[in-house]
Amino acid sequence: MAWPELTPAGADDRKRVVVAGAGLVGLSCALWLQRAGHEVFLADRHTPDETQAYRHSASYGNACTIAFGACLPVAMPGILGQVPGMLLDRASPLSIFWRDLPQLAPWLMSFVHASRRDQVDRIVTVLGALLRATEPGLEPLITAAGATGLLRRTGCLYLYRNETEFLQAQTGIALREREGVRMSILNAAEIQAREPHLAPLYHKGLEFLDAYSIDTPRAYALALYTLFLQQGGHFLRGEVQGATRTSEALTVLLGDRTQQADRLVIAAGAWSGRLAARVGDRVRLNTERGYHVLFPHAGTLLSAPTCYPAHGFYMTPLGEGLRVAGTVELGGLDQPARRVRTDVIARKTQTLLPDVGAATDTWLGFRPSMPDSLPVIGPSPTDPRIIHAYGHGHIGLTLSGITGRIVAHLINGQNTPIDLHPLRPNRF
Ligand SMILES: Cc1cc2nc3c(=O)[nH]c(=O)nc-3n(C[C@H](O)[C@H](O)[C@H](O)COP(=O)(O)OP(=O)(O)OC[C@H]3O[C@@H](n4cnc5c(N)ncnc54)[C@H](O)[C@@H]3O)c2cc1C
């Protein structure tokens, strides 16, 4: 997709912009805003070079894939019938903290509404357009940050255990074809030739030809952060707690400090709902918690990220080992990690890849998720100087770059080829 060039702001239009959140979405906004000619202040309680502290960002531990094919929402037609059985099965890819159900109810009702056929059709069109803009958003940042060496251009493989599963996947395959996703179908012999370490528990495969992975997203975040500082960016340590406003300026509140600004970008991932509420905007954001398990001696067992959709996780080969990442747990931001979830992932991986060895590390991350699987990108309905940029759910690594580019266009008052109406903060 051809994207209009950003016209950098002239000296009179140069703005002071605070970006709240140094995950990949916040970092990408910060860099695109620098390109657009602004003075940028990036705020977070930690930086990407603080490995242990950065672990709580979703950007740290995800499955590392640039997923051009991910134009299907999580809520597909028929999901309502599947959910009760999945929730009762402790080994299924979906789990919930039952005591949170009353709090989750509005999100779940909107989620069920989003699974209607007409809604899915609409959402796929919106996601398809965003995903086709992935490269114009990512590529300039990856190149400028000197991070091309982190890319693994291997494609990505989905595996189906039997013909029934493969037939059930046809609706999704047709929708992806409609959105221009390049795929090819593999039979069992072709899968075995490609991935000889996999136990032969597959029937057919679907290869996403353009997909690639980043080894690792944390290293990419660090490269972006380094470039941000080199270009004169300011880091503000602390959480943004809100903003007071006059017609002239915003005073952004960070603990006992303040920062004067012309614009505030909320890019705080799964925590953005809390911050949005503090500036007067209510958004239907929740978190789909996900886990990863690291097998340090198995980084060469697969040639590409490989996923059995029925199990809900990716097995991604990386320099540090095989990272097995995914599943969904509905349980908010404050509950501890549950060992049973990572045990299930580890056990299933040992069945799929018998030589995988022992796991050494586990991780819990918080996907920022809207019920309709669409991100929130756009100005606040109460104050256009506040821009929302979060809610990317399962594809925030993939869409981080284009989100930053859109935010820069918005702040420069330039149009983008993407229709932002479906992404507005107050759509629910
Ligand atoms: C298991 C798993 C697998 C995934 N796999 C993939 C994949 O393969 N491909 C893909 O594209 N996506 C994937 N994702 C999704 C992706 O990781 C997320 O969508 C993305 O990282 C979100 O980035 P973010 O910057 O919005 O949020 P985060 O990375 O969570 O960053 C938010 C930041 O905001 C900070 N913050 C919070 N509150 C405040 C505040 N008040 N002020 C300032 N800062 C604040 C936090 O400290 C944090 O650093 C996966 C996610 C999970 C959990």
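Any value given below was found using the heavy atoms of this structure, including those in side chains, with hydrogens, waters and symmetry copies removed. Starting from 1, each residue takes its place in the sequence as its number.
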Quiz item: Can C156 and Y212 be said to form a side-chain contact (heavy atoms from CB on, under 4.5 Å), step by step?
Solution: CA-CA 7 Å; C156 165; Y212 61 90; over 6 Å; no
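- A side-chain donor from one of T403 and H392 sits under 3.5 Å from a side-chain acceptor of the other.
- There is no side-chain donor-acceptor pair under 3.5 Å between R237 and H46.
- There is no side-chain donor-acceptor pair under 3.5 Å between Y54 and Y225.
- Checked by atom type, the side-chain pair H388/Y390 shows a donor-acceptor distance below 3.5 Å.
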List the steps, then state whether side-chain contact (heavy atoms from CB on, under 4.5 Å) holds for I406 with W3.
-> CA-CA 10 Å; I406 291 171; W3 261 72; 3.7 Å; yes
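- Between D372 and R427 there is a salt bridge, since at least one side-chain N of the basic residue sits less than 4.0 Å from a carboxylate O of the acidic one.
- Under the 30°/60° scheme for interplanar angles, the aromatic rings of F313 and H311 are found to lie parallel.
- The side-chain contact (heavy atoms from CB on, under 4.5 Å) test with L322 singles out one residue from T306, L353, T316, and that residue is L353.
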**Verdict with reasoning, F166 to I185, per side-chain contact (heavy atoms from CB on, under 4.5 Å)** = CA-CA 10 Å; F166 185 63; I185 291 168; 3.9 Å; yes
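- Distance CD/E50 to CG/D44: 9.0 Å, rounded to 0.5 Å.
- At least one side-chain heavy atom of L127 sits under 4.5 Å from a side-chain heavy atom of L374.
- Donor-acceptor pairing under 3.5 Å is lacking for the side chains of R274 and Q241.
- S115 and Q119 share no side-chain donor-acceptor pair at under 3.5 Å.
- In summary, the side chains of Y291 and E329 do present a donor paired with an acceptor at a separation below 3.5 Å, with no hydrogens or angles considered.
- With ring centers used as reference points, F68 lies 6.0 Å or more from F208.
- T398 contributes a side-chain N or O that, together with a main-chain N or O of T65, makes up a donor-acceptor pair within less than 3.5 Å.
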Intermediate values then yes/no, side-chain hydrogen bond (donor to acceptor under 3.5 Å, both in side chains), T164 and Q168 | CA-CA 6 Å; T164 311; Q168 282 164 355; over 6 Å; no
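- Using a 3.5 Å distance cut-off with no hydrogens or angles, the side chains of S369 and N286 do not pair a donor with an acceptor.
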Requested in this report: Dump the intermediate steps for side-chain hydrogen bond (donor to acceptor under 3.5 Å, both in side chains) on R45 and H56, then the final yes or no.
Outcome: CA-CA 11 Å; R45 56 194 131 162; H56 85 274; 3.0 Å; yes
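- Between atom CG of residue L186 and atom CG of residue L206 there is a gap of 8.0 Å, rounded to the nearest 0.5 Å.
- Annotation: cation-pi geometry not satisfied between R289 and W363 (NZ/CZ under 6.0 angstrom from ring centroid, within 45° of ring axis).
- In this structure, a donor-acceptor pair under 3.5 Å is absent between the side chains of D355 and H297.
- Residues K204 and E165 are not paired through a salt bridge, judged by the lack of any N-O separation under 4.0 Å between the basic side chain and the carboxylate.
- Across L198, I345, V356, a single residue satisfies side-chain contact (heavy atoms from CB on, under 4.5 Å) together with M315, and that is L198.
- A salt bridge does not link D361 with R323: none of the charged nitrogens is closer than 4.0 Å to a carboxylate oxygen.
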Donor-acceptor contacts, no H, no angles, side chain residues 17-28, under 3.5 Å, sequence neighbours left out:
residue : atom : partner : partner atom : Å
S28     : OG   : L24     : O            : 2.6

Item to complete: Would you check, one step at a time, whether the test side-chain contact (heavy atoms from CB on, under 4.5 Å) holds for L138 with L141?
Response: CA-CA 5 Å; L138 278 180; L141 299 187; 5.7 Å; no
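- Within the cation-pi definition used here (under 6.0 Å to the ring centroid, within 45° of the axis), R338 qualifies as a partner of F97.
- Checking R178 against T125 by side-chain atom types alone, a donor-acceptor pair falls below 3.5 Å.
- For the residue pair E195 and S303, a side-chain donor N or O sits within less than 3.5 Å of a side-chain acceptor on the partner.
- Distance OG1/T216 to CG/L318: 7.0 Å, rounded to 0.5 Å.
- Q350 and R347 are not linked by any side-chain donor-acceptor pair at a separation below 3.5 angstrom, with hydrogens and angles left out of the test.
- Here the two rings, on W32 and H409, have centers that are 6.0 Å apart or farther.
- With hydrogens and angles ignored, the 3.5 Å screen pairs no side-chain donor or acceptor of N412 with any backbone N or O of Q414.
- A distance below 6.0 Å separates the ring centres of F41 and H234.
- Once rounded to the nearest 0.5 Å, the distance linking OG1 of T362 with CG of D343 reads 9.0 Å.
- Taking CD1 from I123 and CE from M370, the interatomic distance works out to 11.0 Å, rounded to the nearest 0.5 Å.
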Apply side-chain hydrogen bond (donor to acceptor under 3.5 Å, both in side chains) to residues R284 and S110 and explain how you reach the verdict. CA-CA 9 Å; R284 195 154 290 176; S110 302; 2.9 Å; yes
